[in-house]
Amino acid sequence: GQGYVEQQLASLCAIRGFPVDGLFRVPFALAAFIRAGASTACLMRPEGCGYLLLLALASESFTFVYLLVKDAIHLEAVFAQYRQQLLRLVHRALEHRRFMVLDLLAFCGYSLERSGDEVQSQFDERFLKCLLTEDLAPIERMSRLGLSLRRLAERNEGAFHVFVQRRLEAMQVGRPGDASCQAPAPEPATDLAAAGPTEEAPPQPQAEGAASARELLRRLARLDRSALELHFRSRVFLDFAGGLLAKRSFVSLRSIVEVHPGALEVCFVENRATLEGSIIDAFLLRDVAFVVDMCSLSFPMGSFFARHQAEVDSMLLSCWLQHKSWAELGALRSEVRQWNFPAFFERNRGRTDDFAIVTIENGYWYDVNNLAQLGFDFRSFFDRRFEEVSRAVLGFIETSRPHFVLLRELSALSFPWARFMEAHRHRLGPAKDDDFLHFVISLEGFEIGSKVYGVVEQTCRLYHSMASQLFPSPAEMSQRPLPDDEGGAEE
């Protein structure tokens, strides 16, 4: 039975003088036993053939490993039984860069996550050298096996902070408009880095070095963001980020946020009063670029608006809307997602309704359209202020030259023409251009061949007639004398 299989496999692996090449016969023997009915679930036990897993891993054979673990139910016990051997296997795989062994260990479910610092610290020296040479492949493999990059950073805080800060400074080199973007000083050797010979990463041109540093930090963030968060709380980084904020080096700051969206959270908390004061000044000066830049850095704009809602509302009403700063208002709507224009209009309904009434009365159809783009609810506004809007609309209809553009704009915003016609039908009879007016206020569209096309055709003929009177035809141009002949001289 099962004991016989275990004895045969053990004897096959333990033959003295057995050629090394012969060990590769073990998987075939195992496959033959499995085909004959042997169960790998029973074989893979600490007291059974658990040692075969070491042989399979060392041979870097996925097929061999898969045969052993696909039905195994005692893998954790096997890992515990051969704990020291597996650790030695990991060290040898790192030393010789046999990453397939590490990938197979991860496939089996082997993990160092629950191991203490006494185990994980064995890899500190090797991994600090990998960081200095910007070789992240071993660290990425070991992260899959549960190695904590954050615990590595905590155990080697000084060296890790120097490494990350130098890369952050290297990212800023060569950025236009940043006076602080000087080439970083050579990286000082740390105690752990100096424990053995280390090959520094070869020098690169500034642009390539900045891109390389950015990509390196992004890979570290993908492995373990919390390790970088440890650095973002350090005094050296807070001073560095504070200097960039004081100089408004937003391009450099955005490159940091691209590495980790929450990189500046602690810096924002520490400088909240100053930064919020600057944002309030920006609203007062209609400097929407500064507001958008701060939002792009993941500044907590939501809590800022909650604390300063009355101030922001007052500045938008008195400065932005009154001066019709539509470009700035549009940027605020599209770029600052924490700001809610419909809620703003609702909070300040009286003043915004008055602004809309004045805009319509003056016939500023472009401003009406921009107000609608910001999310102003014209449908409910027409219901609230129907009488005032109707007086303005009636004036545009009764004038000698009806304001068709504004009327069509109101139609697009769902002006209640049915209610308007019912209230003012007696005054619309003598209105001019009745056919086109009917098209303007129609909520249904029109059919081909309707009278509207006649109006359009007449308008086109009028434009052609005006053009022929203002500009001579090509034949007339050819008959006119040139400026340098006698006729031109006399003139």
Side-chain angles (χ1 to χ4, degrees), residues 288 302 305 309-310 312-399 401-429 431 433-447 450 452:
V288 71
F305 288 134
Q309 185 179 92
V312 175
D313 284 1
S314 175
M315 287 182 284
L316 288 180
L317 289 168
S318 59
C319 297
W320 297 48
L321 272 178
Q322 291 302 322
H323 290 87
K324 299 181 181 180
S325 304
W326 299 120
E328 290 81 359
L329 288 165
L332 183 64
R333 176 183 177 273
S334 60
E335 301 294 336
V336 184
R337 57 180 178 81
Q338 295 88 346
W339 180 251
N340 188 338
F341 266 107
F344 162 74
F345 291 133
E346 186 64 27
R347 286 193 305 271
N348 304 276
R349 177 185 293 181
R351 296 182 64 179
T352 54
D353 280 5
D354 291 343
F355 177 81
I357 287 291
V358 171
T359 302
I360 293 174
E361 288 176 345
N362 291 326
Y364 298 147
W365 64 270
Y366 183 71
D367 295 340
V368 171
N369 179 70
N370 282 322
L371 198 57
Q373 294 295 321
L374 295 179
F376 186 80
D377 187 2
F378 273 96
R379 187 185 295 271
S380 61
F381 164 74
F382 290 144
D383 291 337
R384 291 193 304 270
R385 310 291 288 267
F386 176 75
E387 294 299 330
E388 295 165 272
V389 178
S390 294
R391 282 197 298 270
V393 170
L394 195 59
F396 290 126
I397 292 176
E398 291 181 331
T399 185
R401 294 184 178 180
H403 198 332
F404 292 124
V405 177
L406 176 66
L407 297 175
R408 192 59 182 165
E409 186 69 32
L410 294 179
S411 295
L413 297 173
S414 302
F415 180 74
W417 285 110
R419 181 180 173 185
F420 175 82
M421 295 291 288
E422 183 178 352
H424 303 283
R425 183 179 299 276
H426 62 284
R427 300 184 60 177
L428 296 178
D433 298 317
D434 185 67
D435 292 330
F436 196 75
L437 178 62
H438 177 72
F439 162 67
V440 167
I441 67 177
S442 173
L443 299 179
E444 297 177 355
F446 50 91
E447 299 177 357
S450 68
V452 175

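Along the sequence shown, residues carry numbers from 1. These numbers were taken from a predicted model, which means no experiment stands behind them.
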Point-to-point distance, once rounded to the nearest 0.5 Å, from [atom1] of [X] to [atom2] of [Y]:
X: L406; Y: E361; atom1: CG; atom2: CD; answer: 11.0 Å
X: W320; Y: S314; atom1: CH2; atom2: OG; answer: 13.0 Å
X: F341; Y: L374; atom1: CZ; atom2: CG; answer: 5.0 Å
X: N348; Y: L316; atom1: CG; atom2: CG; answer: 9.0 Å
X: L371; Y: F355; atom1: CG; atom2: CZ; answer: 6.0 Å
X: E346; Y: T352; atom1: CD; atom2: OG1; answer: 8.5 Å

- Just by distance, do the side chain of N370 and the backbone of Y366 share a donor-acceptor pair under 3.5 Å? yes
- Query: Can you list the steps and then say if W326 with D367 is a side chain to side chain contact (heavy atoms under 4.5 Å, CB included)?
  - Reply: CA-CA 8 Å; W326 299 120; D367 295 340; 2.8 Å; yes
Kindly check if the number of other-residue, nucleotide or ligand heavy atoms within 6.0 Å of [atom1] ([X]) is above 12?
X: R419; atom1: CZ; answer: yes
X: Y364; atom1: OH; answer: no
X: W339; atom1: CH2; answer: yes

- Message: Using the rule given for side chain to side chain contact (heavy atoms under 4.5 Å, CB included), can you reason through F415 versus L407, listing the C-alpha separation, both sets of side-chain angles and the distance that settles it, and then say yes or no?
- Response: CA-CA 9 Å; F415 180 74; L407 297 175; over 6 Å; no
Any idea which heavy atoms bring [X] and [Y] closest together, and the distance?
X: S390; Y: H424; result: CB-NE2, 3.7 Å
X: F382; Y: P416; result: CB-CD, 3.8 Å
X: S318; Y: R351; result: N-NH2, 4.4 Å
X: R385; Y: G350; result: NH1-O, 4.4 Å
X: P342; Y: G375; result: CG-O, 4.0 Å

- Within-4.5 Å side-chain heavy-atom neighbours: F305 and V312: yes
- Residues passing the ring-ring contact (aromatic ring centres under 6.0 Å, His included) test with F396, sequence neighbours excluded, are H403
- Carefully, step by step, assess I357 and F381 under the rule side chain to side chain contact (heavy atoms under 4.5 Å, CB included). CA-CA 10 Å; I357 287 291; F381 164 74; 3.6 Å; yes
- Message: Please enumerate all residues that pass side-chain hydrogen bond (donor to acceptor under 3.5 Å, both in side chains) together with R333, with sequence neighbours excluded.
- Response: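 side-chain hydrogen bond (donor to acceptor under 3.5 Å, both in side chains) check on R333 returns nothing, list empty.
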- Task: Carefully, step by step, assess F420 and F386 under the rule side chain to side chain contact (heavy atoms under 4.5 Å, CB included).
- Result: CA-CA 9 Å; F420 175 82; F386 176 75; 4.3 Å; yes
- Query: Between F378 and F376, how do the two ring planes meet: parallel, tilted or perpendicular, split at 30° and 60°?
  - Reply: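 Taking F376 first and then F378, their aromatic rings stand perpendicular (interplane angle over 60°).
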